[in-house]
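Report on one structure; see the data block that follows.
What you see is a predicted model; the values in this text were computed from it and never measured. In the text below, chain A, chain B and the rest are named by the order of the sequence lines, each starting its count at 1.
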Protein chains: 2
Amino acid sequence: MIKETKRYRQLGIKLTPQRLAILKYLDGNKSHPAAEDIYNAVSKEFTTMSFAAVYNTLELLRDRGTVKELKIEHGRKRYDFDTKPHHHLICIKCKKLVDIHKKFKLTVPEDMTEGFEIRGNHIEFYGLCPECKKMYDSNHIVF
Amino acid sequence: MIKETKRYRQLGIKLTPQRLAILKYLDGNKSHPAAEDIYNAVSKEFTTMSFAAVYNTLELLRDRGTVKELKIEHGRKRYDFDTKPHHHLICIKCKKLVDIHKKFKLTVPEDMTEGFEIRGNHIEFYGLCPECKKMYDSNHIVF
DNA sequence: CTATCTGCAAACGTTTTGCATCTGT
DNA sequence: ACAGATGCAAAACGTTTGCAGATAG
């Protein structure tokens, strides 16, 4: 507990109890939660908690690169506490999401870049998860 | 005009004047407009036009694969009338967007897919466009 | 003729903002 | 002590929905 707090302190943000609860929830979390998920989870053990605090903290963490905002869903931001660069594999039916930790060296022909200096890439693989694939095979559901 | 209308008719949707205007605006458009952009553009020459018609039409076109919804911006959907599979190169500073028409064969090791059947991929390249690169070089702006 | 589209406006879900109060450092 | 965080509630934003009237096929 003390060691965690010390690590969080290195983020250089003011550590309120609300922020500690948020950080503890996000730490090691692979579920790519939305702000609402974080609010729900944290306010269980912390009755006094507001969306303002959640958004405030997420914005701070995003600005210092500690969390990444994912654009995998329309209408709501999803957050990723995994700072290592990685890609995503998403089920086109149920939207289940898997991290792909593999680096792909992709080169774009110069005549396609319109003078851009390419700094990186993010790949969204899409397909069918085992459960949805089973439904597809047995029921011939068309996606 | 008549030839275009005939082509649009093949979409199999009821062709109202509003829809014809929307289709004409989207046809060959590479700017990945949002619904609001479409509404603004079309209502210039068409004073009676509602968001309902725009969204209605976009939903219809999306469902028959004629347009794709892009998740490149938070909060608002962007639409792509280019049906050929392609990738995107986005300036991290000004958000300028360039289409990359190149196929990348990417294989994900089986032990990473968690049983997913991968059907395709979409790559978001990010970097600096010529203008923003120039600013960066001369002013040492840090992104 | 009638299924479906239109325009308007209200409803929605998420994010942002304003402000008075409170609190880490 | 005070910069800045909190909670609350209202506003903002893009999207969706309900409905009465209009219209393409």
OP1 or OP2 of [N] under 4.0 Å from side-chain N/O of [X]:
X: Lys77(B); N: dT16(D); result: yes
X: Ser50(A); N: dT6(D); result: no
X: Gln18(B); N: dT23(D); result: no

### Message
Return the CG to CD1 distance between Leu97(A) and Ile90(A), rounded to the nearest 0.5 Å.
### Response
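Between Leu97(A) CG and Ile90(A) CD1, I get 4.5 Å after rounding to 0.5 Å.
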
N-O pairing of [X] and [Y] below 4.0 Å:
X: Asp27(A); Y: Arg7(A); result: yes
X: Glu36(A); Y: Arg76(A); result: yes
X: Arg119(B); Y: Glu117(B); result: yes

### Message
So if I take every side-chain heavy atom of Arg76(B) and compare against dT15(D), dA24(D), dT6(D), which nucleotide ends up nearest?
### Response
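Selected nucleotide (nearest to the side chain): dT15(D).
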
### Message
Among dT6(D), dA24(D), dG25(D), which nucleotide has an atom closest to any side-chain atom of Pro17(B)?
### Response
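When the side chain of Pro17(B) is considered, dA24(D) is the closest of dT6(D), dA24(D), dG25(D).
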
Please report the distance, rounded to the nearest Å, between [atom1] in [X] and [atom2] in [N].
X: Leu58(B); N: dT17(D); atom1: CG; atom2: P; answer: 15 Å
X: Leu15(B); N: dA24(D); atom1: CG; atom2: C1'; answer: 9 Å
X: Leu20(A); N: dA5(D); atom1: CG; atom2: P; answer: 14 Å
X: Arg9(B); N: dA24(D); atom1: CZ; atom2: C1'; answer: 9 Å
X: Asn56(A); N: dT6(D); atom1: CG; atom2: P; answer: 5 Å
X: Arg19(A); N: dG7(D); atom1: CZ; atom2: P; answer: 11 Å
X: Ile22(A); N: dG7(D); atom1: CD1; atom2: C1'; answer: 13 Å
X: Tyr8(A); N: dA5(D); atom1: OH; atom2: C1'; answer: 19 Å

### Query
Any chance the rings of His86(B) and His122(B) have centres within less than 6.0 Å?
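For His86(B) and His122(B), the ring centres are not under 6.0 Å apart.
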
### Task
State, to 0.1 Å, how close Phe81(A) and Leu26(A) come at their nearest heavy-atom pair, and which atoms those are.
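It is CD2-O, 3.2 Å.
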
### Task
Identify the heavy atoms of Pro130(B) and Glu114(A) that sit nearest to each other, and give their distance.
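The pair with the smallest heavy-atom distance is CG-O, 3.3 Å.
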
### Task
By nearest nucleotide on DNA chain D, pick out whichever of Gly75(B) and Val54(A) is the more 5' one.
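Its nearest nucleotide being more 5', the pick is Val54(A).
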
### Task
Give the angle between the helix axes at the two ends of the helix from dC1(C)-dG25(D) to dT25(C)-dA1(D), taking five base pairs at each end and rounding to 10°.
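Axis angle across the helix from dC1(C)-dG25(D) to dT25(C)-dA1(D), nearest 10°: 40°.
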
With heavy atoms under 4.0 Å as the rule, sort [X] into base, sugar-phosphate or nothing.
X: Ala34(B); result: nothing
X: Ala52(B); result: base
X: Arg78(A); result: nothing
X: Thr57(B); result: nothing

### Query
Between which nucleotides of DNA chain C, read 5' to 3', does contact with chain B run, using atoms under 4.0 Å from its heavy atoms?
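Listing 5' to 3', DNA chain C meets chain B from dA3(C) to dC8(C).
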
### Query
Under 30°, 30 to 60°, or over 60°: which ring-plane class applies to Phe51(A) and Tyr39(A), parallel, tilted or perpendicular?
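Rings of Phe51(A) and Tyr39(A): parallel, under 30°.
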
### Query
What orientation do His87(B) and Phe125(B) show, parallel under 30°, tilted 30 to 60°, or perpendicular over 60°?
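If you compare the ring of His87(B) with that of Phe125(B), the planes turn out perpendicular.
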
#### Entry: Min side-chain heavy-atom separation Phe116(B)-Leu128(A) under 4.5 Å
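The answer is no, as the side chains (C-beta and beyond) never meet within the 4.5 Å cut-off.
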
